[in-house]
J.: 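Structure provided below as structure tokens; questions to follow.
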2 protein chains.
Amino acid sequence: MAKHDPGLDHIFTALGDPTRRAILARLAQGPASVTDLAAPFDMALPSFMGHLKRLEAAGLVASHKDGRVRTCALQPQALGPAADWIAEQRAIWEARLDRLDAFVLSLAKEQKE
Amino acid sequence: MAKHDPGLDHIFTALGDPTRRAILARLAQGPASVTDLAAPFDMALPSFMGHLKRLEAAGLVASHKDGRVRTCALQPQALGPAADWIAEQRAIWEARLDRLDAFVLSLAKEQKE
DNA sequence: GAGTTACTTAGGCACATGGCTAAGCATGAC
DNA sequence: GTCATGCTTAGCCATGTGCCTAAGTAACTC
């Protein structure tokens, strides 16, 4: 069993909100200002900023302020541990299925002899 | 921008808790009873059951009761949409990087001529 | 049948979350 | 310098979350 990784907590939790996923999807296409990011959402700006803060805390987004404009950018490498974790569970599961297949095949082989 | 998928909310949110991730990792190795699953955690059983309920609601786990024993099993296909979503954002990002590379190369080529 | 085991239900609590409004600060445009 | 723009801070609220204890139901063992 893998050790507890608080980074994974933050990442998956961040991905569990539709607004935040939409933000990430937009940023995958390129950096954007807070105003541009917030435009499609009928939400008060402080609330929207809260979402951005969550994404930054998770390491999924980085932002810098140039004058009065804050520009946000996706940190795609931060998605790696999440993808890896999922892939790992599926690999373990697949390996288990393969072992099951082999077992069934060996049974069938024995019965043939 | 992809449409809102409440299933993804539940899946990612479920993955955002270390206890629930540990449960899934254990179930990737094979089905297990509630008692076996709960053993490694210093937690009251009703609280633990709450985690299982969350995983079932997300479609990540299925359980059935045989007599007084409830056995839980991983539903690995439910991890597919989450993995796909992450892969999709990374693909968009990679494609963007490729376009950037091509642009820089074309600039360098023009400067050479 | 009595006692044990494996859940299940119910209620409570402290804290977190996802929103809101109001007000403020800093930068930019004219 | 004035006004507009783009955030930022502060406080609030209803609901949700992750735990707890207590009590209950059903199945199992002897």
Side-chain angles (χ1 to χ4, degrees), chain A residues 1 4-27 30-74, chain B residues 1 4-27 30-74:
Chain A
M1 179 157 54
H4 174 215
D5 180 356
L8 274 183
D9 298 354
H10 296 310
I11 293 170
F12 280 126
T13 304
L15 295 178
D17 180 81
T19 301
R20 292 200 284 271
R21 283 203 303 281
I23 291 170
L24 291 175
R26 167 61 187 81
L27 290 178
S33 68
V34 169
T35 304
D36 286 346
L37 287 175
F41 303 95
D42 185 24
M43 187 189 300
L45 198 57
S47 307
F48 189 81
M49 292 301 302
H51 283 302
L52 284 181
K53 285 204 169 183
R54 288 294 295 270
L55 289 169
E56 289 204 52
L60 292 164
V61 166
S63 71
H64 71 278
K65 199 162 184 182
D66 193 11
R68 66 187 181 180
V69 176
R70 178 172 291 280
T71 302
C72 305
L74 178 69
Chain B
M1 178 155 53
H4 175 213
D5 181 355
L8 275 182
D9 298 354
H10 296 311
I11 293 171
F12 281 126
T13 303
L15 295 178
D17 180 83
T19 301
R20 292 200 285 270
R21 284 204 302 284
I23 292 170
L24 291 175
R26 166 62 186 81
L27 291 179
S33 69
V34 169
T35 304
D36 286 346
L37 287 175
F41 304 94
D42 186 24
M43 188 189 299
L45 198 59
S47 306
F48 190 81
M49 291 301 300
H51 284 300
L52 285 181
K53 283 203 168 180
R54 285 295 295 271
L55 289 170
E56 292 207 44
L60 292 162
V61 166
S63 71
H64 72 277
K65 199 162 186 182
D66 192 9
R68 67 185 182 181
V69 176
R70 177 171 293 281
T71 302
C72 305
L74 177 68

J.: Please determine if a side-chain N or O atom of B/Arg70 lies less than 4.0 Å away from the OP1 or OP2 oxygen of C/dA6.
T.: no
J.: Between P on C/dT21 and CE on A/Met49, what's the gap in Å once rounded to a whole number?
T.: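 These atoms are roughly 17 Å apart.
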J.: I need the CG-P distance between B/Asp36 and C/dA6, as an integer number of Å.
T.: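 Interatomic distance, CG of B/Asp36 to P of C/dA6: 9 Å.
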J.: So does A/Ser47 get a side-chain nitrogen or oxygen closer than 4.0 Å to the phosphate oxygens (OP1/OP2) of C/dC20?
T.: yes
J.: When the distance from CZ of A/Arg54 to P of C/dG19 is rounded to whole Å, what number comes out?
T.: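 Nearest whole value for this atom pair: 11 Å.
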J.: Give the minimum heavy-atom separation between B/Pro31 and B/Arg26, together with the two atoms involved.
T.: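 Shortest heavy-atom separation between B/Pro31 and B/Arg26 comes out as O-NH2, 4.1 Å.
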J.: Can you give me the closest heavy-atom contact between B/Ser33 and B/Val69, atom names plus distance?
T.: CB-CG1, 3.9 Å
J.: Search all heavy atoms of A/Leu27 against all heavy atoms of A/Ala32 and return the closest pair with its distance.
T.: CD2-N, 3.8 Å
J.: Starting at CG of A/Leu52 and ending at P of C/dG19, how long is that distance when rounded to a whole Å?
T.: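 Whole-Å distance recorded here is 13 Å.
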J.: Name the first nucleotide and the last nucleotide along DNA chain D (5' to 3') that come under 4.0 Å of a heavy atom in chain B.
T.: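 Here the contact window of chain B covers D/dT17 to D/dC28.
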J.: Are A/Leu55 and A/Leu24 packed together at the side-chain level, in the sense that at least one heavy-atom pair is separated by less than 4.5 angstrom?
T.: yes
J.: If each of B/Thr35 and A/Met43 is mapped to the nucleotide of DNA chain C with the nearest heavy atom, which maps nearer the 5' terminus, i.e. the 5' end?
T.: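 Here B/Thr35 is the residue nearer the 5' end.
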J.: Take atom CG of B/Asp9 and atom C1' of C/dG18, then tell me their distance rounded to the nearest Å.
T.: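 The answer, rounded to whole Å, is 13 Å.
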J.: Atom CG in B/Leu60, atom SG in B/Cys72: separation rounded to 0.5 Å?
T.: 12.5 Å
J.: With respect to the side chain of B/Pro46, which nucleotide from C/dC20, C/dC7, C/dA10 is positioned closest?
T.: C/dA10
J.: Hey, what's the ring geometry for A/Phe41 with A/Phe48, parallel, tilted or perpendicular (30° and 60° as the breaks)?
T.: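 Tilted: the ring planes of A/Phe41 and A/Phe48 meet at 30° to 60°.
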J.: Give the rounded distance in Å between these two atoms: NZ of B/Lys53 and P of C/dC7.
T.: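 It works out to 14 Å between those atoms.
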J.: Search all heavy atoms of B/Ala38 against all heavy atoms of B/Leu45 and return the closest pair with its distance.
T.: CB-CD1, 4.0 Å
J.: Using a cut-off of less than 4.0 Å, is there contact between a side-chain N or O of A/His51 and OP1 or OP2 of C/dG19?
T.: yes
J.: Taking N or O atoms only and anything under 3.5 Å, show me the protein contacts with nucleotides 25-29 of chain C, one pair per line.
T.:
| unit_1 | atom_1 | unit_2 | atom_2 | d |
| --- | --- | --- | --- | --- |
| C/dT27 | O3' | A/Arg68 | N | 3.4 |
| C/dT27 | O2 | A/Arg68 | NH1 | 3.2 |
| C/dG28 | O4' | A/Arg68 | NE | 3.4 |
| C/dG28 | O4' | A/Arg68 | NH1 | 3.3 |

J.: Would you say the side chain of A/Arg20 lies within less than 4.5 Å of the side chain of A/Leu15, judging by non-hydrogen atoms?
T.: no
J.: Please tell me if the side chains of A/Ile23 and A/Leu52 come closer than 4.5 Å, counting only heavy atoms from C-beta onward.
T.: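 In short, these two side chains touch, coming nearer than 4.5 Å.
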